[in-house]
Number of protein chains: 2
Amino acid sequence: MRNLDETDLRILELLAEDARRPFSDISAEVDLSAPAVSDRIDRLREEGVIRRFTVDLDQSTLSGGTPVLVRLAVRPAFVDDVRDTLRDAEPVEHLFVSADGDVTFHARLGSDSIRAELHELLDLSTVRDYEVSLVESAEWTPTVNGTGFALECAECGNTVTSEGERARIGGTLYHFCCSSCLGRFEDRYDRLEAGAQASEN
Amino acid sequence: MRNLDETDLRILELLAEDARRPFSDISAEVDLSAPAVSDRIDRLREEGVIRRFTVDLDQSTLSGGTPVLVRLAVRPAFVDDVRDTLRDAEPVEHLFVSADGDVTFHARLGSDSIRAELHELLDLSTVRDYEVSLVESAEWTPTVNGTGFALECAECGNTVTSEGERARIGGTLYHFCCSSCLGRFEDRYDRLEAGAQASEN
DNA sequence: GTTGAAACGCAGACCTA
DNA sequence: TAGGTCTGCGTTTCAAC
């Protein structure tokens, strides 16, 4: 697959913040035209990078069952089966499969008998052991490339908003909250580089 | 807080499927005008039910660090601290706090030393024990009220699409893929009810 | 809640490098 | 092949009801 460039990543960050943001809005952020942004987003969907645009709900306000976190020690031969079953199971919201065959999932179950619901959900003979705990709070923060979208100014540490600036300095892309932070950073960088060159001689 | 009605839930389901769906589209689904839908969505955001519109990314295509699932047995006094710290930590994507004080989170860490990164992330003296496992696959299915948005027809089990129907029968809301399924279900329900009344006499 | 009018955003056709 | 511009159409918003 084609590599994503910085513009793609920036678009994904902006969509993670607000997926309903107009393309014209995004296009201003990334210095592109609106149709160009639309094209890139189409491509990201086709490539499977974007799975869907969706909504992050505060489930605690919805009171739809008891949220539980279940950890299954699955018999190695059945890991794929169990994953596929749980993936399509209605009450399952989050599903993690670890390299060692543990399957952890977050689901909302009817409050009656959790053990009985687990039986309905999957064949417990495929499982060596399981553990259920009630979930008090569950949160989700969409991140792009592990960096999160809450960028920090490389100069002052403040949050970088839409008014921020970006610059490639010494091969690395830095984000700044404003042009003066960018200016100060560049000055410092130039001075450091001049010092390094002086010491080389 | 005001209770959500069925229309609100249906709107949330539609947004969970595709958050960029036009309001006019949603309004046709729920037999309301577009401004009415817009008003309801505004209200849902204000009430905190909708936290944000966002994008579900296939992180495996983004290769941004090593995904790990970490389970912390946190000393009871520090559970809130640890939760707040992790909530705002950049690499943390999912965060679950159980009623018994276990904190489980999913994060993408630089592949060097995971132990060192954990040290940076939180004060390990607040933790009795921890366990890290590499995550092979992580998936997320947005659900509304624990039912998920992939509704099944109560009569034939097929997936209910936009062309489906809903009906409240005997106090419960059922979903159907088409009007004939609804009709058959009602017939059966009436017959069962008649039988139950007969046996009462 | 609805309706209608004005502002806005979007998709497509077409053009440029 | 990626992006820019223009334009018609659909969508959103806002006021009036």
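Order of the sequence lines fixes the chain letters, A, B, ..., with proteins taken first and strands second; residue numbering starts at 1 for each chain. For clarity, every value in this text was computed on a predicted model and none was experimentally measured.
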Asks: Can you tell me the distance, in whole Å, between the CD atom of A/Glu46 and the C1' atom of D/dA2?
Replies: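 A/Glu46 atom CD is separated from D/dA2 atom C1' by 15 Å.
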Asks: Please determine whether side-chain contact (heavy atoms from CB on, under 4.5 Å) holds for the pair B/His106 and A/His94, giving the CA-CA distance in whole Å, both sets of side-chain angles, and the decisive distance to 0.1 Å.
Replies: CA-CA 10 Å; B/His106 176 225; A/His94 298 104; over 6 Å; no
Asks: From the set C/dC10, D/dT12, D/dG4, return the single nucleotide nearest to any side-chain atom of A/Ser24.
Replies: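 For A/Ser24, the side-chain atoms sit closest to C/dC10.
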Asks: According to the interplanar angle, ranging from 0 to 90°, do the rings of A/Phe96 and B/Phe96 count as parallel (below 30°), tilted (30 to 60°) or perpendicular (above 60°)?
Replies: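 Judged by the thresholds at 30° and 60°, the geometry between A/Phe96 and B/Phe96 is perpendicular.
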Asks: Could you check how far CG of A/Asp39 sits from P of D/dT1, rounded to whole Å?
Replies: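 So the two atoms are 13 Å apart, to the nearest Å.
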Asks: Closest nucleotide of DNA chain D for A/Arg20 versus for A/Pro35: which of these residues is on the 5' side?
Replies: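 Nearer the 5' end of the strand: A/Pro35.
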Asks: Using atom CG of A/Leu32 as one end and atom P of C/dG9 as the other, report the distance to the nearest whole Å.
Replies: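 So the two atoms are 17 Å apart, to the nearest Å.
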Asks: By nearest atom, which of the nucleotides C/dC10, C/dG1, D/dG3 is closest to the A/Arg43 side chain?
Replies: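 In terms of side-chain proximity for A/Arg43, the closest of C/dC10, C/dG1, D/dG3 is D/dG3.
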Asks: Can you see which heavy atom on B/Ala16 is nearest to which on A/Arg52, and at what distance?
Replies: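 That would be O-CD, 3.6 Å.
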Asks: Looking at every non-hydrogen atom in both residues, tell me the closest pair between B/Arg51 and A/Ala138 and how far apart they are.
Replies: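 For B/Arg51 and A/Ala138, the tightest heavy-atom pair comes out as NH2-O, 3.7 Å.
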Asks: Search all heavy atoms of B/Ser24 against all heavy atoms of B/Ala34 and return the closest pair with its distance.
Replies: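 For B/Ser24 versus B/Ala34, the nearest heavy atoms are CA-CB, 4.2 Å.
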Asks: Is A/Ser38 near enough to C/dA11 that one of its side-chain N or O atoms lies under 4.0 angstrom from OP1 or OP2?
Replies: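 Answer yes for this pair, as a side-chain N or O of A/Ser38 is under 4.0 Å from OP1 or OP2.
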Asks: At under 4.0 Å, does any side-chain N or O of A/Arg40 touch on OP1 or OP2 of D/dG3?
Replies: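 Yes, A/Arg40 has a side-chain N/O under 4.0 Å of OP1/OP2 on D/dG3.
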Asks: Side chain of B/Ser33, heavy atoms from C-beta onward: which of C/dC10, C/dT3, D/dG3 has the nearest atom to it?
Replies: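 Among C/dC10, C/dT3, D/dG3, the one nearest the side chain of B/Ser33 is C/dT3.
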Asks: B/Glu29 has an atom CD; how far is it from atom C1' of D/dT11, in whole Å?
Replies: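 Going from CD in B/Glu29 over to C1' in D/dT11 covers 16 Å.
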Asks: Just the rounded figure in Å: distance from P of D/dG10 to CG of B/Asp25.
Replies: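 Rounded to whole Å, this separation is 13 Å.
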Asks: Among C/dC10, D/dT12, C/dG1, which is the nearest nucleotide to the side chain of B/Phe23?
Replies: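 Output: D/dT12.
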Asks: How close or far is atom C1' of C/dG1 from atom CG of B/Asp31, stated in whole angstroms?
Replies: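 After rounding, the gap between these two atoms is 13 Å.
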Asks: Could you tell me how far apart A/Asp18 (CG) and C/dG9 (P) are, to the nearest whole angstrom?
Replies: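 Spelled out: CG on A/Asp18 to P on C/dG9 is 13 Å.
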Asks: Output the rounded distance in Å from CG (B/Asp42) to P (C/dG1).
Replies: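 Going from B/Asp42 (CG) to C/dG1 (P), I get 13 Å.
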